[in-house]
Amino acid sequence: MASTIQKSLVEKNAEYANQFSQGHLALPPAKQYLVLTCMDARIDPAAAFGIDLGDAHVIRNAGASAKDAQRSIIISEQLLGTKEILLVKHTGCGMLTFSNEDAHGLVEKNLGPSAAAEIATLDFLTISDLEGAVREDIGFLKRSATVPDDVTVSGWIYEVETGKVRQVV
């Protein structure tokens, strides 16, 4: 039996598909850039950053981690031609609220010892300093042999309270 969320997905998609006229867009992003941002539900990258359908790749993960997104970044650059990376972390990020140890303990408590063993070496890539984390991830990207020197890389903070973005790096 379909959940309420699944039913909503089908209904909303039918409405969207009725109006859809962008099936002609090319696979590579038209403006040759990617945005790496957090999965936080308060961020709407298309609206907040003016991204039209087909313009850019949008990669989302917990905390907008460059390390966690590396596979997608490589595919975007090497197979699909992106030439710029905008890394956007945000205020009020959940990744600021817990430690690696907290996350491991929660998994063991809620999911048991076999789940804890399965993720024993997993780094949750938590954040203690927001601006520092932006700088650290930009440094990671600039040092990485998987990001060519001709790719422009910048780091930003989006303020969930105001909708404004400011450049850090």
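None of the values given here were measured: they were computed from a predicted structure.
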Quick check on the hydrophobic clustering: are [X] and [Y] connected, directly or via other members, by side-chain heavy-atom contacts under 4.5 Å?
X      : Y      : answer
Leu80  : Ile73  : no
Val147 : Val58  : no
Val169 : Leu141 : yes
Tyr33  : Val165 : yes
Leu122 : Val107 : yes

Drop me the distance from [X]'s [atom1] to [Y]'s [atom2], to the nearest 0.5 angstrom.
X      : Y      : atom1 : atom2 : result
Ile85  : Ile138 : CD1   : CD1   : 7.5 Å
Ile157 : Leu87  : CD1   : CG    : 10.0 Å
Arg135 : Leu130 : CZ    : CG    : 10.5 Å
Glu77  : Leu34  : CD    : CG    : 7.0 Å
Ile51  : Lys31  : CD1   : NZ    : 9.5 Å
Met95  : Thr126 : CE    : OG1   : 6.0 Å

I need the minimum non-hydrogen distance between [X] and [Y], along with the two atoms involved.
X      : Y      : answer
Ala56  : Pro29  : CA-CB, 3.6 Å
Gln70  : Ser144 : NE2-OG, 3.4 Å
Ala69  : Ile59  : CB-CG2, 3.8 Å
Val168 : Glu131 : CG1-O, 4.2 Å
Ile127 : Ala133 : CG2-CB, 3.7 Å
Glu108 : Ala116 : CB-CB, 3.7 Å

*Given side chain to side chain contact (heavy atoms under 4.5 Å, CB included), test His57 with Ser72 step by step and report yes or no.*
CA-CA 9 Å; His57 286 148; Ser72 296; over 6 Å; no
Atom [atom1] of residue position [X] - does it have more than 12 heavy atoms of other residues, nucleotides or ligands inside 6.0 Å?
X      : atom1 : value
Ile5   : CD1   : no
Arg71  : CZ    : no
Glu118 : CD    : no
Gln19  : CD    : no

*Hey, is the main chain of Ile74 close enough, under 3.5 Å, to the side chain of Thr146 for a donor-acceptor pair?*
no
_Inter- and intrachain pairs under ring-ring contact (aromatic ring centres under 6.0 Å, His included), touching residues 106-164, at least two apart_ = Phe49-Tyr158, His104-Phe124
_Could you work out, with salt bridge (charged side-chain N to carboxylate O under 4.0 Å, His left out) as the rule, every residue matching Asp68, not counting sequence neighbours?_
none
*Are Pro148 and Lys83 close enough that some pair of their side-chain heavy atoms sits under 4.5 Å apart?*
no
Please table the atom pairs, donor to acceptor, closer than 3.5 Å between any side-chain atom in residues 35-45 and protein atoms at least two apart or in another chain.
from, atom 1, to, atom 2, distance (Å)
Thr37, OG1, Val88, O, 2.8
Asp40, OD1, Arg42, N, 2.7
Asp40, OD1, Arg42, NE, 2.9
Asp40, OD2, Arg42, NE, 3.3
Asp40, OD2, Arg42, NH2, 2.7
Arg42, NH2, Gly92, O, 2.9
Asp44, OD1, Ala46, N, 3.4
Asp44, OD1, Ala47, N, 3.4

_Salt-bridge criterion met for Lys89 and Glu136 (N-O under 4.0 Å)_ = no
